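Single-structure report; data block below.
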2 protein chains.
Amino acid sequence: MQKEDLIQTHQRIEPYIHKTPVLSSRLIDEIVGATLYFKCENFQKTGAFKMRGATNAIMQLTEEQKQKGVVTHSSGNFAQALSLAALKLGIKAFIVMPSNAPQVKKDAVKGYQGNIIECEPTLVARENTAKEISQKEGATFVHPYNDNNVILGQGTACKELLEKQPDLDYIFTPVGGGGLIAGTALSALYFGNDCTVIGGEPFEVDDAYRSLQSGIIESNLTTNTIADGLRVQLGDKNFPIIQQYVKRITRVTEEEIVEAMRLIWERLKIVSEPSSAVALAAMLKEKNSFKNKKIGIIISGGNVDLNQLPFNL
Amino acid sequence: MQKEDLIQTHQRIEPYIHKTPVLSSRLIDEIVGATLYFKCENFQKTGAFKMRGATNAIMQLTEEQKQKGVVTHSSGNFAQALSLAALKLGIKAFIVMPSNAPQVKKDAVKGYQGNIIECEPTLVARENTAKEISQKEGATFVHPYNDNNVILGQGTACKELLEKQPDLDYIFTPVGGGGLIAGTALSALYFGNDCTVIGGEPFEVDDAYRSLQSGIIESNLTTNTIADGLRVQLGDKNFPIIQQYVKRITRVTEEEIVEAMRLIWERLKIVSEPSSAVALAAMLKEKNSFKNKKIGIIISGGNVDLNQLPFNL
């Protein structure tokens with residue numbers, strides 16, 4: 001994927017997404033001893049950066065494909081994003097969700113007029129159900145992250161951040177399936193000025209960290225993290241980009257995630273997901289390495305269950 | 001207070017405050033059937049609109065007064081605001097706080113280099129202690145809301161909102177001591193285009209509502225509300241402005257406050273105080289009266305204890 005691909009992607013999706021704000025906090029800067037710029041995708045449509053990739057993937061379909069719609073399996077932010085992107089572009093979206101997905105997530109998808117198909121709560125059942133829908137309806141399968149058009153879309157958040165702050169030394173993102181960090185790494189390469197990308201990952205789902213160590217894609221043995229957006233498996237399209245362009249991945253504990261989340265909520269006054277806090281937690285963990293640097297942090301989203309916050313545990 | 005006073009106030013304090021953003025939510029607009037613009041003072045310095053009034057009050061002091069500093073009694077947002085405004089303007093601030101004030105509030109004041117003087121947790125003790133400090137140090141007493149310079153400062157939030165959205169039909173604010181709503185009413189009068197100001201007040205501290213009914217300042221028999229910023233007595237400088245320029249005050253229940261707060265957090269993705277939600281709650285309560293109108297809501301602040309959120313109660 002070249003610089004021109006990212007430029008065209010951004011032009012393509014711009015009418016359908018928000019140019020999200022970049023926030024700062026004097027107090028967080030004092031704690032870190034550096035200058036931090038938070039790119040706030042919690043203010044993005046559907047409350048997460050996923051809207052960027054979903055919109056780009058749909059817009060790259062042929063007219064014939066568009067007529068038959070799209071299908072994905074997700075119970076998270078990508079389900080909402082694909083539903084809304086499809087709605088805005090006038091095509092059908094089929095969303096395969098596990099039968100035990102929270103009602104609030106189903107309602108959100110319905111709110112964007114996505115067609116929900118329930119399946120057993122296993123990865124095999126999800127994949128098979130999506131395949132069936134794809135065959136039956138002729139709908140094109142769009143993977144939540146293992147897709148070059150999705151990766152390019154997610155990269156536009158970093159592009160916007162660098163347009164506002166061109167001289168960032170570092171950018172931190174969370175790492176789940178790898179769509180956000182792969183897109184970010186490409187944008188940093190093409191639009192940054194010697195800008196280094198570092199990932200944050202929970203110890204509890206450290207497949208990307210271990211994959212970088214071993215050189216092959218490793219599996220997660222546990223997904224026991226509060227960062228629900230990151231409980232997924234690294235994609236094989238994302239991995240080589242990460243290998244080539246991401247400096248390293250820093251692992252953080254659950255306590256470090258909650259501590260970073262608290263700092264974001266208390267100081268930036270924004271509602272953001274635990275997954276978002278993983279990027280700041282990674283930065284804080286090694287803050288002495290970043291004194292006086294200019295640092296971007298991608299706040300990935302803000303869809304959080306207010307009834308299950310971790311602060312008073 | 002004239003239009004020119006507000007214009008000069010805004011010019012005076014502008015270098016020391018943030019021009020806070022105005023946010024919207026498609027979903028909240030759909031629920032209400034109107035177009036809402038939220039003026040987000042939770043992003044203001046010290047996390048609340050109080051920074052505006054505190055800054056203006058200090059800047060209106062004589063050079064001699066400035067040399068001797070300022071004193072106030074507050075355990076809330078005004079304590080932090082006066083401390084930071086004084087710090088930025090290079091003068092001393094003495095903050096009288098009840099001995100049982102939460103440590104987090106004392107720490108916040110100390111963070112802005114305010115000098116804390118503790119006293120017994122009664123209103124009489126607070127007032128007497130502030131008087132003693134004023135006499136001993138020669139510091140000028142600045143009231144958190146019953147002060148024309150404070151009222152003018154608070155009015156600049158509405159002025160900024162109207163500069164961005166000049167054709168608002170209504171503006172809602174919460175009502176505590178009356179500084180914010182009095183300043184807002186003056187700004188709406190001078191800078192609005194037939195713009196009506198309505199207040200929201202908890203049933204549990206409805207002194208302003210009852211004062212408007214009776215024509216004299218009434219006292220609160222209870223202060224048993226989650227909206228901690230509003231647990232104060234209406235000021236006699238604020239009352240006549242409210243009588244003359246505020247259309248009405250709508251009272252809301254504690255449940256309505258929490259429901260509005262949840263909507264703000266979930267949809268606008270911002271951390272804001274229960275007091276802020278009172279303005280939206282008042283609007284929602286009579287939403288059928290505001291169909292297709294353009295409505296401003298002042299989000300007063302975002303200083304909230306994350307360990308004591310009302311959502312999972």
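Heavy-atom basis, side chains included; hydrogens, waters and symmetry copies ignored. Below, chains carry the letters A, B, ... as their sequence lines are ordered, and counting in each starts from 1. The shown structure was predicted, so the numbers you read here are calculated from the model rather than taken from an experiment.
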- Message: What I want to find out is whether Lys19(B) reaches Glu14(B) closely enough, with some N-O distance under 4.0 Å, to be called a salt bridge.
- Response: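 The answer is yes: the pair qualifies as a salt bridge.
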- Sidechain N-carboxylate O distance under 4.0 Å for Glu163(A), Lys159(A):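 The answer is yes: the pair qualifies as a salt bridge.
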- Task: State, without any angle test, whether Glu254(A) and Thr225(A) hold a side-chain donor-acceptor pair at a distance under 3.5 Å.
- Result: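 Result is yes, a qualifying pair exists.
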- Check the side chains of Glu41(A) and Thr20(A) for a donor-acceptor pair under 3.5 angstrom, ignoring hydrogens and angles.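 Note: Thr20(A) and Glu41(A) side chains meet the donor-acceptor criterion.
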So which part of [X] gets closer than 4.5 Å to some heavy atom of chain A, the side chain, the backbone, both or neither?
X	value
Asn303(B)	both
Leu268(B)	backbone
Arg26(B)	side chain

- Look at Leu306(B), Asp305(B), Ile270(B), Val304(B) and state which one has the largest set of heavy-atom pairs under 4.5 Å with chain A.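 When all of Leu306(B), Asp305(B), Ile270(B), Val304(B) are compared, Leu306(B) has the most.
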- Message: At a heavy-atom distance under 4.5 Å, which candidate from Ser25(B), Gly302(B), Gly47(B) has the highest pair count against chain A?
- Response: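 Winner by heavy-atom pair count: Gly302(B).
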- Task: Output, in order, the C-alpha distance, side-chain angles, deciding distance and verdict of side chain to side chain contact (heavy atoms under 4.5 Å, CB included) for Glu273(A) and Asn77(A).
- Result: CA-CA 11 Å; Glu273(A) 298 171 352; Asn77(A) 287 331; 2.8 Å; yes
